Amino acid sequence: MEISAASRIAALPPQAAERRAAADNAAPEDSTQAEQGTAAQRAVPAQAPEEQRMLQQLQARDREVRAHELAHVAAGAGLVRSGAAYSYQRGPDGRFYAVGGEVSIDTAAVPGDPAATERKAEQIMRAALAPAEPSGQDRAVAAQAARMAAEARLQQALEAGSSNTPGDNSRTPQLDLYA
């Protein structure tokens, strides 16, 4: 949720209001010191409880998102196309907090090498499921990688079967598939 400058509430604490009243009634040399104190008070506006709660939620979400994406990057080493990309939200303090993110991973099969494709698919699954709480998209990528690994194993079995000599029926490989 983005809070515009128009909806921001800036209230001075009671002590600042008292200092302000005292500064208005003080001698000219005392008013400079009193105004410096109130200027400092205005620089850090008091936050409403709902703004504080929102800020805490944004800070926690930011930490969670960054840790989540870092887990993908660490487990997907060598397959990660670029670092994490984040989507941000402005907090009530005017700062931006990461509320979403993504890491781009190379999911293409290794042409002509089903064994390498299988190894790559397994690493993709590890990268997708690396965070403590994988998202729905993470699980979908892992499922896609599992299919890729299964296809690579099937391709390896077919290649192994075609390498048998034509007259040798004693070692015909058999593959049982269940749906």
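Excluded from the calculations below are hydrogen atoms, water molecules and symmetry mates; all remaining heavy atoms, backbone and side chain alike, are included. It should be emphasised that the depicted structure is a prediction, and the values quoted were computed from it without experimental measurement.
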Given side chain to side chain contact (heavy atoms under 4.5 Å, CB included), test Glu133 with His68 step by step and report yes or no. CA-CA 8 Å; Glu133 295 181 28; His68 183 103; 5.7 Å; no
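Of all heavy-atom pairs between Ala128 and Asp138, the closest is O-CB, 3.2 Å. Ile124 and Ala145 make their closest contact through CG2-CB, 3.6 Å (heavy atoms, listed as atom of the first residue, atom of the second, distance). Annotation for Ala130 and Ala71: closest pair CB-O, 3.5 Å, computed over non-hydrogen atoms. Looking at every heavy atom in both residues, Tyr88 comes nearest to Ala98 through CD2-N, 3.6 Å.
Side-chain heavy atoms closer than 4.5 Å link hydrophobic residues (I, L, V, M, F, W, Y) into clusters, and following such links, possibly through other members, connects Val103 to Leu79. Linking ILVMFWY residues whenever their side-chain heavy atoms come closer than 4.5 Å, directly or via other members, places Phe96 and Tyr86 in the same cluster.
Geometrically, Arg90 does not engage Tyr97 in a cation-pi contact, judged by NZ or CZ lying under 6.0 Å from the ring centre and within 45° of the ring axis.
The line from CZ of Arg66 to CD of Glu69 is 10.0 Å long, rounded to the nearest 0.5 Å. Distance check: Glu122 CD to Met148 CE gives 10.0 Å after rounding to the nearest 0.5 Å. If you take CZ on Arg95 and CG on Leu55, they are separated by 8.5 Å, rounding to the nearest 0.5 Å. Atom-to-atom distance recorded for Asp93:CG and Leu58:CG is 8.0 Å, nearest 0.5 angstrom. Interatomic distance, CZ of Arg81 versus CD1 of Ile105, reported as 9.5 Å (0.5 Å rounding).
Judged by distance alone, the side chain of Asp62 and the main-chain N or O of Gln59 form no donor-acceptor pair under 3.5 Å. Under a 3.5 Å cut-off, the side chain of Thr117 and the backbone N or O of Val110 do form a donor-acceptor pair.
For the pair Val99/Val65, no side-chain contact is recorded, criterion being any heavy-atom separation below 4.5 Å from C-beta on. Contact of the Lys120 side chain with the Asp106 side chain is registered, since non-hydrogen atoms from C-beta on lie closer than 4.5 Å. Considering only heavy atoms from C-beta on, Pro114 stays 4.5 Å or farther from Arg153 through its side chain. Counting heavy atoms from C-beta outward, Ser135 and Gln137 have side chains that approach closer than 4.5 Å. Side-chain atoms of Val80 and His72, non-hydrogen and from C-beta on, never get closer than 4.5 Å to each other.
Checked against side-chain hydrogen bond (donor to acceptor under 3.5 Å, both in side chains), Thr107 has no partners two or more places apart in sequence or in another chain.
Gln52 and Gln56 share no donor-acceptor pair across their side chains, judged by distance under 3.5 Å alone.
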